[in-house]
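See below for the structure under consideration.
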Number of protein chains: 2
Amino acid sequence: MSDYEQQNVPPSSDSGRDALPPVTQHARQYETVRNAHETELIEDYVELIGDLIRHQGEARAADLASRMGVSQATVSKMIRRLKELGLVNSQPYRSLFLTEAGQTMAETSRARHDIVLQFLRALGVRDSTARIDAEGMEHHVSDETLAIMQQFTEKNAR
Amino acid sequence: MSDYEQQNVPPSSDSGRDALPPVTQHARQYETVRNAHETELIEDYVELIGDLIRHQGEARAADLASRMGVSQATVSKMIRRLKELGLVNSQPYRSLFLTEAGQTMAETSRARHDIVLQFLRALGVRDSTARIDAEGMEHHVSDETLAIMQQFTEKNAR
DNA sequence: TATAAAATATAGCCAAGGCTAACTAGTTAG
DNA sequence: CTAACTAGTTAGCCTTGGCTATATTTTATA
């Protein structure tokens, strides 16, 4: 089956576009993505709780469930985690509050989200698409890129 | 504790920046992100296998493990999934091949990745940062946005 | 003020994607 | 040609984030 014996074929001048990055750097890239995934959902919940409090005065589990598009059981479980992480406070059967740490996270996350969203709009992406893309992208944009996006939006945009 | 009784506070003119999107639209945004997460890893593996084949002539599990930064056991398990999904072929203990479907996915994924990466460079992001961000962002960029990124890169860039 | 309805919580299930440890197959060197 | 090393596999464990079904608490209404 495998008749390849050449382990280290030098990229034969150009086997196609960019060369592969060095192994350790490559691994670090994927690791960064995996780390982002761990915090992503947490941030989304905290951000949403903050938004609900701001826009409707309170955050209830049922609202989280319908806005997230998941079951109430899933939300309940998530809230337990958020409490364990010290991001949320609540009495059983009552609405949710953010701790100091939670508020900080909510604001940071919201700011990030807005910068990405406005950047996409400034680029010329339709609003509904921009919203979807921003939701997914926000957790994978470095501070460096974020700063550049912000500048871009200021120069162009509106 | 909770002394909020007003459920539907109208966004009081401006409780802050953008209003919340309608519930169903909001739920769809998160759903899109969840869906992306399901295929993300699969695509990353397939893309990497394609890259390894192109650049070094063959793709071995050990290379995947070191480049992904995970254990060989994790890679083995993943390869089983990829085979079940009809994306990869291989004999036990031998190197990996992409099926038709796998090649298609690898190419699509690679193209997407390149567009995002080049866009970030064109924007002025440093190469090492651009690589990390592209790795995370590529799965969350819609076709619409992708097209716009491509145009942007062509106009500016290099 | 009971009681029905709505909201929240808990229990228990599942799949995915990590891990380590132990085993097996292939490859290479003495 | 066999022994040692390297590569790949398997088993079994853990956490996360979904789900449904069932209990419990709060709230609203007859």
Side-chain angles (χ1 to χ4, degrees), chain A residues 1-8 27 30-46 48-49 52 56 58-85 87-97 139, chain B residues 1-8 27 30-46 48-49 52 56 58-85 87-97 139:
Chain A
M1 278 295 144
S2 120
D3 45 11
Y4 294 101
E5 247 69 54
Q6 1 79 289
Q7 257 301 43
N8 289 318
Y30 289 115
E31 199 196 336
T32 304
V33 175
R34 280 196 302 274
N35 290 341
H37 281 161
E38 279 179 28
T39 46
E40 236 172 276
L41 238 206
I42 304 284
E43 285 175 13
D44 282 344
Y45 270 88
V46 168
L48 180 52
I49 291 170
L52 285 169
Q56 5 215 51
E58 69 172 350
R60 306 214 121 251
D63 296 338
L64 288 179
S66 58
R67 291 207 171 256
M68 281 284 174
V70 299
S71 73
Q72 288 200 354
T74 297
V75 168
S76 254
K77 201 189 263 191
M78 199 62 195
I79 288 172
R80 200 189 317 143
R81 275 201 76 207
L82 297 177
K83 286 168 135 182
E84 284 164 10
L85 292 170
L87 296 164
V88 161
N89 276 327
S90 75
Q91 304 306 119
Y93 296 98
R94 320 233 70 133
S95 75
L96 309 168
F97 298 90
H139 307 283
Chain B
M1 279 297 142
S2 122
D3 46 11
Y4 293 102
E5 248 69 53
Q6 0 79 292
Q7 257 302 43
N8 288 319
Y30 289 115
E31 199 196 334
T32 304
V33 175
R34 279 196 301 276
N35 290 340
H37 281 160
E38 278 179 30
T39 46
E40 235 172 277
L41 238 207
I42 304 285
E43 285 174 12
D44 282 344
Y45 269 87
V46 168
L48 180 52
I49 291 170
L52 285 170
Q56 4 213 54
E58 68 173 349
R60 307 215 120 248
D63 296 338
L64 288 179
S66 58
R67 292 209 169 255
M68 281 283 173
V70 299
S71 72
Q72 287 201 354
T74 297
V75 167
S76 251
K77 202 191 262 193
M78 198 61 194
I79 288 172
R80 203 189 314 141
R81 276 201 74 208
L82 296 178
K83 285 167 135 181
E84 282 164 13
L85 292 170
L87 296 164
V88 161
N89 275 327
S90 75
Q91 303 307 119
Y93 295 97
R94 320 236 65 136
S95 75
L96 309 166
F97 299 90
H139 307 282

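Computed from heavy atoms alone, side chains included, the values below leave out hydrogens, waters and symmetry copies. We name chains A, B, ... by the order of the sequence lines, and we start the count at 1 in each one.
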| query | Tell me: CE of B:Met68 to P of C:dG17, nearest whole Å? | reply | 11 Å
| note | Rounded to whole Å, CZ of B:Arg94 lies from P of D:dT6 at a distance of 18 Å
| Distance, rounded to the nearest Å, where A:Arg80 contributes CZ and C:dA11 contributes P | 8 Å
| Taking the side chain of A:Tyr45 as its heavy atoms from C-beta onward, which of D:dG18, C:dT8, D:dC13 lies nearest to it? | D:dG18
| remark: Looking only at heavy atoms, the pair that brings A:Ser66 and B:Ala27 closest together is O-CB, 3.5 Å
| note | Heavy-atom nearest pair, B:Gln56 first then B:Asp63, reads NE2-OD2, 3.8 Å
| said: So, OP1 or OP2 of D:dC19: does either fall under 4.0 Å of a side-chain N or O from A:Thr74? | reply: yes
| B:Ala73 has a side chain; which of D:dA21, C:dA7, C:dC19 sits nearest to it? | C:dC19
| Is B:Ile79 touching bases, backbone alone, or none of the nucleic acid, heavy atoms closer than 4.0 Å? | nothing
| request: Can you tell me the distance, in whole Å, between the CG atom of A:Leu85 and the P atom of D:dG17? | output: 10 Å
| In whole angstrom, what separates B:Glu58's CD from C:dT27's P? | 10 Å
| Roughly, in whole Å, what's the span from CD in A:Gln72 to C1' in D:dT24? | 13 Å
| Between D:dT26, C:dG26, C:dA11, which nucleotide has the shortest distance from any of its atoms to the side chain of A:Tyr93? | D:dT26
| Can you find a side chain N or O atom of A:Ser76 that sits less than 4.0 Å from OP1 or OP2 on C:dT8? | no
| said: For a quick test of reading the model, state the closest non-hydrogen atom pair linking A:Val75 to A:Ala61 and the distance between them. | reply: CG1-O, 3.8 Å
| Is there a side-chain polar atom (N or O) of B:Ser71 under 4.0 Å from OP1 or OP2 of C:dC19? | yes
| query | Think A:Arg60 has a side-chain N or O under 4.0 angstrom from the OP1 or OP2 of C:dA7? | reply | no
| B:Glu31 CD to D:dG18 P: how many Å, rounded? | 11 Å
| request: Identify, between A:Pro92 and A:Gly69, the residue whose nearest nucleotide on DNA chain D lies closer to the 5' end. | output: A:Gly69
| field | Closest contact, heavy atoms only, B:Asp44 versus B:His139 | value | OD1-NE2, 2.8 Å
| Separation of A:Arg81 atom CZ from D:dT15 atom C1', in whole Å? | 8 Å
| message | Which heavy atom of B:Met78 sits nearest to which heavy atom of B:Ile42, and what is that distance? | response | CE-CD1, 3.5 Å
